[in-house]
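Below is one structure, written out as structure tokens; comments come after it.
One is the number of the first residue; the rest follow in order along the sequence.
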Amino acid sequence: MDSLSEPLTCYNKGCGKKFRFDENSENACVHHPGGPIFHDGRQGWSCCKKRVSDFTEFLNIKGCTTGYHSNVKPAVPEKAEKTPVQSKEPMYQLEVKPQHRPPNPVLAERPSEDEPLVELTKTVGASLKTQLENLNLNDSSDAALKDDGTIKIGTCCNNKGCKASYEGEHSNTEDCIYHSGVPVFHEGMKYWTCCQRKTTDFDVFLNQEGCETGRHNWHKPKVTEEKQVRVDWHQTTSIVCISIFAKVAIPDKTIVKANRVKCQVTLVYEGGNSIYQKDFILREAIDPLKSSVKLLGTKVELDLKKAEAFSWPTLEVPATSS
């Protein structure tokens, strides 16, 4: 077959159609000459005004410019650039072999999901700070308090693994030995995520001494309801951004930990009344030490630094059918 009549894929943004070299024309392609914009849960293109909240709807926004189809895959810039001026003449590259991963004769072995997790650095946006200032986080019905606001004698410490009880003001100066993680029960083994001293005996597990030292917590935590929230993601050459739409997240109760292929998220939000928990098993590797978390008024954003600069086909490892 003549190479000029073979079907090619158009890489103009918003097109993606197949075309033939000998049938291309200046009005054949409807596309977006600008770049994608993701801001406060809305998505759109810099070349036109339409903005939507659903990612699938964003992908279906019809192009605003007509021109020639092009099978040259555009380079993805590190930073947003001005709208490029479209050439009046089509560009062709007949033997294009697109790849998600750069050519590499030796593929690196995938890191283990069981690698130690590190907590990602957090920043709190101005919009969230304002909402937190107006939020009353004190529960006047706290069972640990007397009517005069003092702590009741005999109140147990609410830190996990601590067996101390309040005996007076001197109890506030004692060290609290506790577990900062959560309990795990898996295939007969019992352990805490913070120290992973595994045992099969439940009594031994209950009596494991804590692994961290801090202050006692006499106040009973507010009851939170676990909810599912909307989660979107997008990527650049070097960053994967996960947006979790949980409003008014509590900074000191929002914990995001990660290793190279797993991201463990616990968000307490809506003033402490709701909780969201999920382990993301990432499709490719990241650098946790260069990744971060932004807490905003309407959402929490995870900026995960890619270990290698190439496009991920999916956010997570696809589920395997049994």
Hey, any chance [X] and [Y] share a hydrophobic cluster, counting ILVMFWY side chains that come within less than 4.5 Å of each other, even indirectly?
X      : Y      : value
Trp312 : Val317 : no
Ile239 : Phe280 : no
Val52  : Trp45  : yes
Ile255 : Val300 : no
Val261 : Leu117 : no

Would you confirm whether [X], through its side chain, and [Y], through its main-chain N or O, come within 3.5 Å as a donor-acceptor pair?
X      : Y      : value
Asn259 : Pro111 : no
Gln131 : Val248 : no
Arg110 : Ala285 : no
Ser46  : Gly35  : yes
Arg215 : Asp175 : no
Thr173 : Glu169 : no
Thr254 : Pro251 : no
Asp201 : Val204 : yes

Shortest non-hydrogen contact between [X] and [Y], atoms and distance:
X      : Y      : answer
Pro33  : Lys13  : O-NZ, 4.1 Å
Cys15  : His31  : CB-CB, 4.4 Å
Ala258 : Ile286 : CB-CD1, 4.3 Å
Cys157 : His216 : SG-ND1, 3.5 Å

Quick one: pull up [atom1] in [X] and [atom2] in [Y] and give me the separation to the nearest 0.5 Å.
X      : Y      : atom1 : atom2 : value
Phe19  : Asn71  : CZ    : CG    : 5.0 Å
Lys62  : His32  : NZ    : NE2   : 10.5 Å
Ser127 : Leu295 : OG    : CG    : 9.5 Å
Met189 : Thr199 : CE    : OG1   : 6.5 Å
Leu302 : Cys241 : CG    : SG    : 8.0 Å
Ser292 : Lys290 : OG    : NZ    : 12.5 Å

Lys247 with Glu270: basic N within carboxylate O range, under 4.0 Å
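Salt bridge absent between Lys247 and Glu270.
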Salt bridge check: are Asp303 and Lys305 linked by an N-O gap of less than 4.0 Å?
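No, this pair does not count.
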Heavy-atom side-chain contact between [X] and [Y] under 4.5 Å:
X      : Y      : result
Ser180 : Tyr178 : yes
Lys190 : Lys198 : no
Trp233 : Val240 : yes
Arg197 : Gln208 : yes
Gln264 : Val256 : no
Tyr11  : His69  : no
Asp279 : Lys257 : no
Gln235 : Lys306 : yes

His179 and Glu212: side chain to side chain contact (heavy atoms under 4.5 Å, CB included), yes or no, with the steps?
CA-CA 6 Å; His179 293 287; Glu212 294 199 23; over 6 Å; no
Determine whether more than 12 heavy atoms belonging to other residues, nucleotides or ligands lie under 6.0 Å from atom CD of Glu209.
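Check fails, neighbour count at 12 or below.
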Are more than 12 heavy atoms from other residues, nucleotides or ligands located less than 6.0 Å from atom NZ of Lys278?
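Yes, enclosed.
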Run Thr314 and Glu316 through side chain to side chain donor-acceptor pair (under 3.5 Å) and show every step you take.
CA-CA 6 Å; Thr314 60; Glu316 296 187 81; over 6 Å; no
